[in-house]
Amino acid sequence: MRGLQAGRVVAYLSLVGQAALAAPTNIQAASCSELSVSTPNWNISNAASSDWPGGASGRVELFARHIPTNVLLDCDVEYSLDQTTGEIVNYDPTAVHECMNFSNAPLNTTVTLDMTNLQLNLKSTWTCEGDEKTYTATGLVKLQRDTSPGACLVEPSQVGESTTCPIADVLVEGKLVE
């Protein structure tokens, strides 16, 4: 009886293997051009805000993956803090900050960030390989900083304590600019 069951297992595995080999392997992902028109979005991840009141500065750093080109970007927004109160001072919410592109893809991205309500505005311009068209999209999202007890990391530094708080990952829906 054991020999019969072992034979069934071998036959079953053999059929599964043949089915796997016969399955189509040429499933194609959507192209850059298709995604540029349908979902010119960004995935924001690993974002945080860090304040160094003793150093009179702070910044919001985030990583944005541009979905049509699959390019990862690093966007930093720096600001000044009052050394005594730790409040943001002399900040221009309309200031444009360039993001660093981790690829050689033709993708230029800038952000503005309103620090009073953490409203992030992204703008990207790109081309797709083999496509002569230049695409531009903008997106707007309110970032969610977690300042609940234990969420922020407080560390000593040469200029006093620094406080780093996580910002939730979020999908930013882009709108094509025609």
**Asked** Going by the side chain to side chain donor-acceptor pair (under 3.5 Å) test, which pairs reach into residues 38-47, not counting sequence neighbours?
**Response** W42-S124

**Request:** For residues L72 and F63, determine if any side-chain heavy atom of one lies less than 4.5 Å from a side-chain heavy atom of the other.
**Result:** yes

**Asked** Is there a side-chain contact between S80 and Y91, using heavy atoms and a 4.5 Å cut-off?
**Response** no

**Prompt:** Would T112 and T94 satisfy side-chain contact (heavy atoms from CB on, under 4.5 Å), going step by step from the backbone distance to the final call?
**Reply:** CA-CA 6 Å; T112 59; T94 64; 5.7 Å; no

**Prompt:** Quick one: SG on C32 to CG on N70, what's the gap to the nearest 0.5 Å?
**Reply:** 10.0 Å

**Message:** Nearest 0.5 angstrom please: I44 CD1 to L143 CG, how far?
**Reply:** 7.0 Å

Listing, residues 133-141 side-chain donor-acceptor contacts under 3.5 Å, not counting sequence neighbours, or none:
from: Y135; atom 1: OH; to: D131; atom 2: OD2; distance (Å): 2.6
from: T136; atom 1: OG1; to: T125; atom 2: OG1; distance (Å): 3.4

**Item:** Step-by-step side-chain contact (heavy atoms from CB on, under 4.5 Å) determination, T109 to L107
**Value:** CA-CA 6 Å; T109 302; L107 171 67; 3.8 Å; yes

**Item:** Heavy-atom side-chain proximity of V60 to I167 below 4.5 angstrom
**Value:** yes

**Message:** Within the supplied structure, the quantity of interest is the number of heavy atoms (other residues, nucleotides, ligands) at a distance under 6.0 Å from E98 CD; does it exceed 12?
**Reply:** no

**Item:** Residues that N90 engages under side chain to side chain contact (heavy atoms under 4.5 Å, CB included), provided they are two or more places apart
**Value:** none

**Request:** May I have the step-by-step check of side-chain contact (heavy atoms from CB on, under 4.5 Å) for E161 and D51, ending in yes or no?
**Result:** CA-CA 9 Å; E161 290 186 337; D51 292 343; over 6 Å; no

**Request:** Kindly state each residue pair satisfying side chain to side chain donor-acceptor pair (under 3.5 Å) with at least one member in residues 141-156, sequence neighbours excluded.
**Result:** S49-R145, D146-S148

**Item:** Criterion side-chain contact (heavy atoms from CB on, under 4.5 Å) on T110 and C99, from CA distance to verdict
**Value:** CA-CA 6 Å; T110 58; C99 298; 6.0 Å; no

**Complete:** Closest non-hydrogen contact found for P106 with T127 is CG-OG1, 3.1 Å

**Message:** Working to the nearest 0.5 angstrom, can you tell me the gap between L35 CG and C128 SG?
**Reply:** 8.5 Å

**Message:** Could you walk me through whether W52 and S157 satisfy the side chain to side chain donor-acceptor pair (under 3.5 Å) test, starting with their C-alpha distance in whole Å, then the side-chain angles of each, then the deciding distance to 0.1 Å, before giving a yes or no?
**Reply:** CA-CA 8 Å; W52 299 275; S157 74; 4.9 Å; no

**Fill in**
Here the salt bridge (charged side-chain N to carboxylate O under 4.0 Å, His left out) pairs for residues 58-81, sequence neighbours left out, are R59-E61, R59-D76

**All pairs passing side chain to side chain donor-acceptor pair (under 3.5 Å) where residues 163-173 contributes a residue, at least two apart** = S50-T164

**Request:** Measure from the side-chain N and O atoms of D82 to the backbone N and O of T84, and report whether any donor-acceptor pair falls under 3.5 Å.
**Result:** yes

**Asked** How close do G86 and L81 get, heavy atom to heavy atom, and via which atoms?
**Response** O-CD2, 3.4 Å

**Asked** Should V71 and M100 be counted in the same cluster of Ile, Leu, Val, Met, Phe, Trp and Tyr side chains packed under 4.5 Å apart?
**Response** no

**Message:** Looking at every non-hydrogen atom in both residues, tell me the closest pair between I88 and Y79 and how far apart they are.
**Reply:** CG1-CD1, 3.9 Å

